[in-house]
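Some notes on the structure that comes next.
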Amino acid sequence: MLIARTRADLQAALADLPGRALVPTMGALHDGHLALVRAARAQAPVVTSIFVNPTQFGPNEDLARYPRDEPGDLARLRDAGCDLAFLPEVATIYPPDDASRVEVAGPALGWEGARRPGHFSGVATVVTRLFGLVRPRFAWFGEKDWQQLQVVRRMTEDLCLGVEINALPTVRAGDGLALSSRNRYLSAAERALAAALPRTCLAAIDAMRAGKPVPACCADAAASLSGLGFAVDYLALVDPASLREQHDLASPARLIVAARLGPVRLLDNFPV
Ligand code: PAF
């Protein structure tokens, strides 16, 4: 596996990787990331970027303590068959005279977008720059960050970036908790409790399918999670692409949830 840290190293390495796929990550790689690398590898030569993107963190968020494990990540990428790891410095992505940002609306407006001002502009900006630097034919994202995936799809189409966006379903632990780099900050007790989040969402979906009104299912699920000790930010049924709230099962939908448990904000989503 090749490793590039500078723009010049990256351009030199890319010459041997035609029709490549990009897997953008912030590192602290888990099986969800590696599933993306393997799926991408089955399709094309793979570039994985590891870059903790400062512009997508708010002033009170965890940029400074976001988990980092470069040696472990590189070993995992090698095992997964990655061809090139791109590990830029902040100034490589955001040079000192940098003066441009990508603004996103539509699917970026509610939910995470409303609670984390500037977050999706930061994601859109870094993804656009990574696309510009790597010039991939394909890019792979996890469904775990459903709203992010819709923002990236919309932006890629709107800005005619010419990259095919592919996605894989969320990879889960045995008890159903969605894998996330931040799960390592849960205490043992919190980790055991965390599995109640997907369980409660799936029970809410069962109740919707059985005919209970959608708003009541969402409200009851949120109340049940609050009763267990989660601080629920939102739990809602939405249109899968626009992220607009949906009040019935007349068309395919997504149940989305964000809830804080101890130090960790857990995000999850399910097809309905
Ligand atoms: O999902 C992530 O890890 C990040 O938001 C991404 C897409 C790599 C952009 O920094």
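Side chains included, hydrogens not; waters and symmetry mates left out as well; all remaining heavy atoms used. Keep in mind that what you see is a predicted model, and the values were worked out from it rather than measured. First listed ligand is number 1; within each ligand, the first listed atom is number 1.
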Pairs of donor and acceptor atoms involving the side chains of residues 212-232, under 3.5 Å and at least two apart or interchain, shall be tabulated with distances.
residue: K212; atom: NZ; partner: D220; partner atom: OD2; Å: 2.6
residue: S226; atom: OG; partner: A222; partner atom: O; Å: 2.9

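The 4.0 Å heavy-atom shell around ligand 1 contains residues P24, T25, M26, N53, Q56, V126, F141, D145, Q148, ordered by chain and number.
A donor atom on one side chain and an acceptor atom on the other are found under 3.5 Å apart for Q11 and R135. Side-chain N/O atoms of Y66 and N53 include no donor and acceptor closer than 3.5 Å.
Using a 4.5 Å heavy-atom cutoff, the side chains of H247 and E245 are in contact.
Summarising the geometry, atom CG belonging to L130 is positioned 6.5 Å from atom CZ belonging to F86; distances are rounded to the nearest 0.5 Å.
Relative to the ring axis of F51, R129 does not place its NZ or CZ within 45° and under 6.0 Å from the centre.
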